[in-house]
Amino acid sequence: MKRLHLMAGTALVASLSAGVATAESLTIGLASEPTAVDPHYHDVAPNNALTRHIFSALGALDANQNVVPALAKSWTNEDDKTWVFNLRDDVTFSDGSKFDADDVIFTFCRQVNNESAVGATGKEVANMAAVEAVDPYTLKITTKEVEPLLPELLAQIMVLSEGITEHGDISFDLENQCGVTGAWPSVEDFNNGSAAIGTGPFVLKDFTKGSKISLARNENYFGTKPEWDEVTFVPVPSAGPRLAGLLSGDYDMIENPAARDIVQIEKNDGLEYTSASSNRVIFLQMDVGRDETPFVETEDGSNPLQDVRVRKAISMAIDRQAIVDRIMDGFAEPAYQFIPDGMFGAIENPAELEYNPEKAKELLAEAGYPDGFKLTFHATNDRYINDSQVAQAIAQFLTRVGIQTDLDAMTRSIFFSRRSGREFSFSMGGWGSSEGGAASFLRQYVTTGNPDLGIGGSNYGGWSDPAFDKVIIEAIQTIDEAKRTELLQQAEQMAVDEMGFIPIHFESSIWAFRKGLNYEGRKDQYTLADEITSDAAN
Amino acid sequence: MLTFVTQRLLQSVAVLFAVSIAVFLAVYAVGNPVDLLISPEATQAERAEMIARLGLDRPVWAQYLTFLGNALQGDLGTSFVHGQPALSLILSRIPATFELVVSALLLASIIGIPIGLWVGLNDGSLGARAVMTGSILGYSIPSFWKGMVLILVCAVWLNWLPASGRGDTVTVLGVPFSFLTVDGLRHMAMPVINLAIPNIALMIRLTAAGASESARMDYVKFARAKGVRDTRIVRRHILRNILIPIVTVLGVEFGSLIAFSTITETVFAWPGMGKLLITSIYQLDRPVVVAYVMLVTFIFVTVNLLVDFAYAALDPRVKLSERMS
């Protein structure tokens, strides 16, 4: 728990230096539109970013994705499966009602009674054997399976007010609706504002789909109150109009201007930008599970991607730095592992994956493919930043060492369903690691598929390494943080050594804004208005 | 009259039915929305649950029959992405598109028809030739480019107008409108001009061609010989005769602008139907795409029907019964 105290200290310093609030409003141009105000509706970045303004959770994730206290002051493990969360006793909801443990239990119950959600919710709650309010501000959670990431997971479950529906005594009794007698709130109740009662830094004023989202400062907020009286989010999905809106002064800040337009912002005296490396890695996934693979042509019909030397040759053929400099305009970082430095479980100072086309040719010859082979490479052209150009560059790098590569880039709606149908031999994907750092990518992609444990769900290439599986499965069941870090680093290294997946780069997110504003940027790419400050107020 | 209406209505139902099959199959073929919707971190069990909940585990014909059954009861499905009935989602976007299109077509008629008349009656003069050449430009410049240039000039350089969005609205009878507030009008100006420009050019060319042709007709010459005043000749004899193609084109343009002002709406981030369609296609939000196409087909069928009636009102020679043969 040492990490926790340190974080709390940092938060305190930040709150002292944030300055006094002034009567200001802020208009922000969003790159993609949130679909709902309901925090349990759809687990996607635009929705999560919006709901963090209105609601808060037991913990919060800081800019580096580490969990810090929020509604819970602290937490401890009594044993591997028992957790005690000490809640704050000074929190009120935006409607004035008091926050206590019953609201948290109500929230857990709503997770499993959520008819209108997109995607299944409540997997965290399904793992809870018992939840007990020891007193109004102490919550004891017993899990069925060991879950070291419980604080991280709970930091993403936004707490609702039990007052939004009729209820008797609230208890964690899933069979009997937890004591709720009224109707469970639906996504509509949140969008029209009636159920959008939270403990976040802002309150919802208006949510008009397609047009704008208006927020006002929550005067009851328990944390550092934001500088802004009012915040308006305007969704402008096309990059050109979004930048035009910033240039003409309609918006104070915009998300993700196109990297090629940064020159325009630099030339403009009234504007600034900030960029932060994100947790999204772009990587290559290969079909290694099948002896014959549909999009590779070799003389003997074998699947060269099954040979580690071929996979290493592919990695060596790619000049990551050139891709970052020339295609990403510097707004990316070469990736030598699957999560960026600084995140939980990342290898510190990983060895550079060298660019060496000569050695790549030698490795290919050694593996029995002196004349290379033919490959069709599948990628998206509208999902990741500059994805089709990056894929073209990779195809050319591979062709240069003798692997004749044809690129087939397509729209994401087609790409993702074909990929999950295991149609591809060689494809480019992206992954933003959320809670749990290194475990996120490794357990989802690199682990042998295992529906019972809920791991390996995105292992479309059929990668399977029993030695690796043993390490990662132990890691995700280890509570001790030092031990878990060590295991995750070991697993990460094994994944990089075997090259079952080839990391290319980490995307950076960019925010552009008028001079006088400050925003540090976040690894999760969220734009959080309460973290935006102005020079005037300092 | 009654037979005509009945027959046209039956035709319309057949069209709607055919379109529903075509669009359902097309959308089905594009891809599986679950891969876009569900968090990639979801486990296989959660995925399966989601697929079952959306009914995507059933064969395509079963899905279609369910859709058809619900559609006959007025339910066009629930959006996968928004969790809201698809039809109400689209209808909530209609006012924004509607006010844009009506304003653009009004502007096009008010500017285009008088200029076109003048050009047609002054055929061959330098001014007329200049207008006709200019109209080619207005008609052929792509809409997205024009939009970007408008934004660059009016918003970024001159700072006269807001670059995008809808601005303040006033709710009248439960429907939000922009044209009733100053801020709303400022937001509307550029998208309306952008939509109107090609239509102004179209109106000019259409009116000019018609006017210059009918100005040479015998009945015009005869009226003139009879001593009828010029203004009356233009109003009574020329304009009335050339209005039929103009109304037809206006009708078709109205339908297609309502349905497909997508580019203008995207460039100006105008929250209309076109923008909803594009987003829904990208997200494979099948119910919305299907409902959208059905609704648009419905609008087209209705507009065509109304245009047919307008013919009858404008041109006494058109008899509804004749058009049946």
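Naming convention: chains lettered A, B, ... in sequence-line order (proteins, then strands); numbering from 1 in each chain.
Top candidate by heavy-atom pairs under 4.5 Å with chain B, chosen from A:D250, A:T208, A:L247, A:V187, is A:D250. Contact count against chain B (heavy-atom pairs under 4.5 Å) is highest for A:S417 among A:G210, A:S417, A:G449. Across A:G245, A:G249, A:A244, A:G456, the residue that shares the most heavy-atom pairs under 4.5 angstrom with chain B is A:A244. Your options are B:V81, B:N159, B:I151, and the one with the most heavy-atom pairs under 4.5 Å with chain A is B:V81. With chain A as the partner, the residue from B:G165, B:A163, B:S92 showing the most heavy-atom pairs under 4.5 Å is B:A163. Ranked by heavy-atom pairs under 4.5 Å with chain A, the first of B:R166, B:Q283, B:R93 is B:R93.
The two residues A:P241 and B:S164 have their closest heavy-atom pair at O-OG, 4.4 Å. Nearest heavy atoms, B:G83 versus A:Y41: N-OH, 2.7 Å.
Note: A:S248 OG to B:L152 CG = 10.5 Å, rounded to the nearest 0.5 Å. The CG atom of A:N191 sits 7.0 Å away from atom CD of B:Q84, with the distance rounded to the nearest 0.5 Å.
Of the possible donor and acceptor atoms, none in the side chain of B:Y282 sits under 3.5 Å from a partner among the backbone N and O of A:T411.
Contact of the A:K209 side chain with the B:L89 side chain is registered, since non-hydrogen atoms from C-beta on lie closer than 4.5 Å.
Within 6.0 Å of CZ in B:F98 there are 12 or fewer heavy atoms belonging to other residues, nucleotides or ligands. Summarising the local packing, CZ of B:F177 is surrounded by more than 12 heavy atoms from other residues, nucleotides or ligands at distances under 6.0 Å.
Heavy atoms closer than 4.5 Å to chain B are found in the backbone of A:P235, but not in its side chain. For A:D38, no part lies near chain B; criterion is any non-hydrogen pair under 4.5 Å. Using a 4.5 Å cut-off between heavy atoms, A:A36 does not touch chain B at all. With a 4.5 Å cut-off on non-hydrogen atoms, A:S238 touches chain B through its side chain but not through its backbone. Contacts of A:F415 with chain B are absent, with no heavy-atom separation under 4.5 Å from either backbone or side chain.
Applying the salt bridge (charged side-chain N to carboxylate O under 4.0 Å, His left out) rule to B:R58 yields no partners; only residues at least two apart in sequence or on another chain are considered.
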